[in-house]
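Everything on this sheet refers to the single structure shown next.
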Amino acid sequence: MLLLVLGSNFVILYAGWEGVGLCSYLLIGYWFKDQDNSSAGKKAFIMNRIGDFGFLIAVFALVSQFGTTSFAEVFQQAPKATTGFITMVTLLLFVGAIGKSAQIPLYTWLPDAMAGPTPVSALIHAATMVTAGVYMIARSHVLYDLAPVSQTFGAVSGRETSILAATIAIKQDEIKKGLAYST
């Protein structure tokens, strides 16, 4: 998580992003001899890779357009780029956030992630994984300020995910899954 937060460019942010995902996968599959836990780990891994692929494509697009991944340089050059390009990059970054933050349609891994040991699972998923997506978007706010379509898409996605998760959480019999949906 320190790598993710303290990095000064998108490549270091991505390396920390992947580290958080790896820790999550290893934690979920901690009791790997149990088939349900093993399947939950694989599910989280695959869903996060889908989101990570969007993030990675966005980083490649930034390098191709600006020749750098440094936050300071990208943010300085961003106003000169076309709105379409910035919108594409921010939507791709948002795909990464959707995977990490368990939003629609990549939300089903989070309740299964509670298969790991409870205290550590709650810490890594609520305090790290879910907030990693929020942090990345906040860190990229300069780009999002230039892309109103992405801002609207993010707001609608967050609203719909919140409503769906709250509705599902009401009907959960297992307390850990109910807590997962509440994050």
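All heavy atoms count here, side chains included; hydrogens, waters and symmetry mates do not.
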Side chain to side chain donor-acceptor pair (under 3.5 Å) partners for [X], two or more places apart:
X	value
Ser140	none
Thr83	none
Ser157	Gln103

- Query: If every non-hydrogen atom of Gly133 is compared with every non-hydrogen atom of Ser101, which pair is closest and at what distance?
  - Reply: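 Scanning both residues, the minimum pair turns out to be CA-OG, 3.3 Å.
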- Considering all heavy atoms, the nearest Tyr25-Lys42 contact: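 Taking Tyr25 first and Lys42 second, the nearest heavy atoms are CE1-N, 4.2 Å.
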- So which residues get pulled into Ile163's cluster when ILVMFWY side chains under 4.5 Å apart are joined, directly or through others?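 Ile163 shares its hydrophobic cluster with no other residue.
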Linking I/L/V/M/F/W/Y whenever any side-chain heavy atoms sit under 4.5 Å apart, do [X] and [Y] land together?
X	Y	answer
Val20	Met136	yes
Leu146	Val149	no
Leu92	Leu56	yes
Trp17	Ile50	yes

For residues 1-15, tabulate all N or O donor-acceptor pairs below 3.5 Å that involve a side-chain atom, not counting sequence neighbours.
unit_1	atom_1	unit_2	atom_2	d
Asn9	OD1	Val11	N	2.9
Asn9	OD1	Ile12	N	2.8
Tyr14	OH	Glu18	OE2	3.0

Which distance, rounded to the nearest 0.5 Å, do you find between the [atom1] of [X] and the [atom2] of [Y]?
X	Y	atom1	atom2	answer
Leu93	Met88	CG	CE	9.5 Å
Thr161	Leu106	OG1	CG	9.5 Å
Ser70	Gln76	OG	CD	9.5 Å
Ile98	Leu91	CD1	CG	9.0 Å
Phe85	Leu143	CZ	CG	8.5 Å

- Message: Checking Ala147 now: which residues fulfil side chain to side chain contact (heavy atoms under 4.5 Å, CB included) with it, not counting sequence neighbours?
- Response: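 Ala147: side chain to side chain contact (heavy atoms under 4.5 Å, CB included) contacts with Ile86, Thr87, Thr90, Ser150.
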- Side-chain heavy-atom pair Val74, Thr69 within 4.5 angstrom cut-off: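 In short, these two side chains do not touch, never coming nearer than 4.5 Å.
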- Query: Do the side chains of Val142 and Pro79 get nearer than 4.5 Å, heavy atoms only?
  - Reply: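 Sidechains of Val142 and Pro79: no contact.
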With a 3.5 Å cut-off and sequence neighbours excluded, list the donor-acceptor pairs that the side chains of residues 59-66 form with protein atoms.
unit_1	atom_1	unit_2	atom_2	d
Ser64	OG	Ala61	O	2.8

- Which residue pairs pass the salt bridge (charged side-chain N to carboxylate O under 4.0 Å, His left out) test when at least one of the two sits in residues 63-81, sequence neighbours left out?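 Residue pairs passing salt bridge (charged side-chain N to carboxylate O under 4.0 Å, His left out), neighbours aside: none found.
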- Message: Taking the six-membered ring of Phe53 as reference, does the cationic atom of Arg49 (NZ for Lys, CZ for Arg) lie under 6.0 Å from its centre and within 45° of its axis?
- Response: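 Arg49 over Phe53 ring: no.
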- Mark yes when over 12 heavy atoms from residues, nucleotides or ligands other than Glu160 sit less than 6.0 Å from its CD; otherwise mark no.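 For Glu160, atom CD is crowded (more than 12 foreign heavy atoms under 6.0 Å).
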- Message: Main chain of Pro148, side chain of Thr152: is a donor-acceptor contact present, judged purely on distance under 3.5 Å?
- Response: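 Yes, Thr152 side chain to Pro148 backbone: donor-acceptor pair under 3.5 Å.
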- What ring pair (Phe, Tyr, Trp, His ring centres under 6.0 Å) pairs are there with at least one residue in residues 135-168, not counting sequence neighbours?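 Listed once each, the pairs are Phe94-Phe153.
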- Please assess Phe55 against Lys100 for the test side chain to side chain contact (heavy atoms under 4.5 Å, CB included), listing each intermediate value before the final yes or no. CA-CA 11 Å; Phe55 189 147; Lys100 250 346 155 228; over 6 Å; no
